[in-house]
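Every chain is numbered from 1 and lettered A, B, ... according to where its sequence line falls, protein lines coming before strand lines.
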Amino acid sequence: MPDNTATSTLDGIAHEPGVAKPDAVLVADSVVRRFGGLKAVDVEHAEFQRGAITALIGPNGAGKTTFFNLLTGFDQADSGSWTYDGKKLSGVPAHKVARRGVVRTFQLTKALSRLTVMENMKLGATGQSGESFLRALVPPLWKRQEKAIEARAEDLLERFKLDKKRDDFAGTLSGGQRKLLEMARALMVEPRIVMLDEPMAGVNPALTQSLLGHVKDLRAEGMTVLFVEHDMDVVRDISDWVIVMAQGRIIAEGTHEAIGRNQAVIDAYLGAHHDAPLTEAEERQQLEEADAQLAAEAQQEHAKP
Amino acid sequence: MDFGLIIRNALRAAFGDFAAVYALAAIGLNMHFGYTGLLNFGQAAFLALGAYGIGVTVTYLGLSLWVGIAVGIAAAVLFALLLGIPTLRLRADYLAIVTIAASEIVRFLVRSVTLSDYTGGSFGLSNFADQFYALNPLDGTQYGIGPIQYTGRQTWVLLVAWSLVALMTLLTYTLMHSPWGRVLKSIREDEDAARSLGKNVFVYKMQSLVLGGVIGALGGFMLAISIQSVQPDTYSTAITFFAYAILILGGTARVFGPVIGSMLFWSLLSLTDNVLRQAVNAGYIPPSILDGTQIGQVRLMLVGLGIMLLMIFRPQGIFGDREEIALDAR
Ligand SMILES: Nc1ncnc2c1ncn2[C@@H]1O[C@H](COP(=O)(O)OP(=O)(O)OP(=O)(O)O)[C@@H](O)[C@H]1O
Ligand SMILES: [Mg+2]
């Protein structure tokens, strides 16, 4: 059970798509992204509660990743706008979105292969004076900051069980370890909002548990967490709020208990073939319908010359 | 066969002016390709702009050589900006196409009849580096160690050229051990990841393109000064491809890769050239197979073959780390 005030503040909220939140940190309006004829994202209105963990779920191809890409400046929307903390965030280039404190990870992990794990981590720190060309030439100007960054990175690596891999090339990590590294690296930015695209995919169950603990810690530190996840156990465990997307639209919102009962969600996930419990009579009726259809098709085949 | 002479010439080539000039070109390319992942196929143009920068400033404008150097550097910076602004936001291959075309455009421009008043057309310009030689503190006639001897004039050129190589190597070392270099490498690995961590990828790519281009222009200065002339056809794409060969030979993204690569490349060229020449002269190779005029081409084939073998047996180059290279393939 989520053990935070965020749930209680979300308590009285209506369970309907696009519902207003008491303290929304991220607000999106009429966001549309088309790929050719396909409307990959078509979100009328969405609000994300500050300091809460919001899960974004939906079947494959629902547009979750595309929505993340748009919000973080990695893709351009055909129309629509969104704000962060009341200030316009749409149209802001990706690196500035990150500097403002909205940091995302990628579904297809982007470990920087030929950099060591530690270098990956240190890259995440913002405001590094040694990243300016001229100051880079004079190491005393940035060495001390580098030390502090390294200490912070070491802490995080330990938390994410990567401390033993510190000096290995990131390219030698396993898939799950890469996920961990990417998440830890994102935290180096010291974000206000983290957007995690399937952070637990490929991570072993024991570690998932401890990671879920870390994510809850982030919330305790006041961070807003937005994550895409297919594993409903994970969603149930940590999310304060769940937003469901299908075919680009938000089709449902609510606590995970409510979402589990929502017929639109079940349909979106399972389509016509879902194995929801059927009564015997219903089952017989479905079988008869199927038989009738097959017979009709067979007849049509015969009718052809 | 005179093996003493063959070895002597190979050693002279390893420390010669061409080795230093190409080392500079390759150090610039290492910045672009090795560290940032920018496929610049127009390095020759940066050398040309350096060389013509001093040539035109001194012979046409009648200004001093030092002004010429400032002009050459400014031209390289401008050229990098011109190439980078439209292409650095696009995929890597666009830069490759644009740079190779732009470098040929530069060569055709300086050899064009229209500009021949300034650039000397296809004949180029000469005798503009007297100010450089006037500074020569070496008045002796012979300098060198053991069998490798140079005239005082050559020694002066070599001293300055190799000092520049050392300086640029040190610069690369410093930068690549700094957070700035870390950002560059992250862009090479995955620029979206760098972006997601708040790095302004475009600005870093541009800085890399400008810096590597200016280092190339330094090579152009030394090439023009050492032979006291510029001709447009010196600056064909062959320079760029030699520089790539050198980079691969020495090992990309290695601080000393371009330097060792260049020394090795030029001594190998000298070695094959001398061995073939002597073998032909001594009649070991009959003229029906190879005559003296064909040696220049055949030696390039042999060096090319050598690089191919290196790629097969040591893909990381002389200095590279095999495991690191293998990571690329995943
Ligand atoms: N670059 C692209 N070009 C064309 N179509 C795209 C592109 N990116 C995404 N799409 C399409 O947009 C739709 C939404 O894709 P998206 O990746 O956002 O789904 P998702 O919800 O993240 O799915 P998953 O759970 O499988 O990761 C899909 O139908 C996909 O085919
Ligand atoms: Mg996705």
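The structure places OG of A/S132 at 8.0 Å from CD of B/Q207, a figure rounded to the nearest 0.5 Å. Here CZ of A/R104 is found 8.0 Å from CG of B/D192. Values are rounded to the nearest 0.5 Å. Atom CD of residue B/E189 and atom CG of residue A/L123 lie 11.0 Å apart, to the nearest 0.5 angstrom. If you take CG on A/L137 and OG on B/S178, they are separated by 7.5 Å, rounding to the nearest 0.5 Å.
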Step-by-step side chain to side chain contact (heavy atoms under 4.5 Å, CB included) determination, B/R188 to A/L115: CA-CA 10 Å; B/R188 175 192 69 198; A/L115 260 55; 4.3 Å; yes
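Using a 4.5 Å cut-off on side-chain heavy atoms (C-beta onward), A/W142 and B/P179 make contact.
Summarising the local packing, CZ of B/R314 is surrounded by more than 12 heavy atoms from other residues, nucleotides or ligands at distances under 6.0 Å. For B/Y94, the OH atom counts as loosely surrounded, since its 6.0 Å shell holds 12 or fewer non-hydrogen atoms of other residues, nucleotides or ligands. The environment of A/R100 atom CZ is dense: over 12 non-hydrogen atoms of other residues, nucleotides or ligands sit within 6.0 angstrom. Residue A/F35 places its CZ atom among more than 12 non-hydrogen atoms of other residues, nucleotides or ligands, all under 6.0 Å distant.
With chain A as the partner, the residue from B/L184, B/L171, B/D190, B/V183 showing the most heavy-atom pairs under 4.5 Å is B/D190.
Interface remark: A/F133 contributes backbone and side-chain atoms alike to the contact with chain B (heavy atom separation under 4.5 Å). Looking at A/A125, the atoms closer than 4.5 Å to chain B (heavy atoms on both sides) all sit in the backbone: N, CA, C or O. Residue contact with chain A, scored on non-hydrogen atoms closer than 4.5 Å, involves the side chain of B/L211 exclusively.
Contacts between residues 180-196 of chain A and chain B, defined by a heavy-atom separation under 4.5 Å, are made by A/R185, A/A186, A/V189.
The side chain to side chain donor-acceptor pair (under 3.5 Å) contacts involving residues 121-131 of chain A comprise A/K122-A/E146, A/K122-A/E150, A/Q128-A/E131, A/Q128-B/R182, A/S129-A/Q145, A/E131-B/K199, where partners must be two or more places apart or lie in separate chains.
Between the A/R99 side chain and the B/G198 main chain, a donor and an acceptor come within less than 3.5 Å of each other.
Taking each heavy atom of A/A136 and B/T174 in turn, the nearest pair found is O-CG2, 4.1 Å. For B/A193 against A/L112, the heavy-atom pair with the smallest separation is CB-CD2, 3.8 Å. Nearest heavy atoms, A/A98 versus B/S196: CB-O, 3.4 Å.
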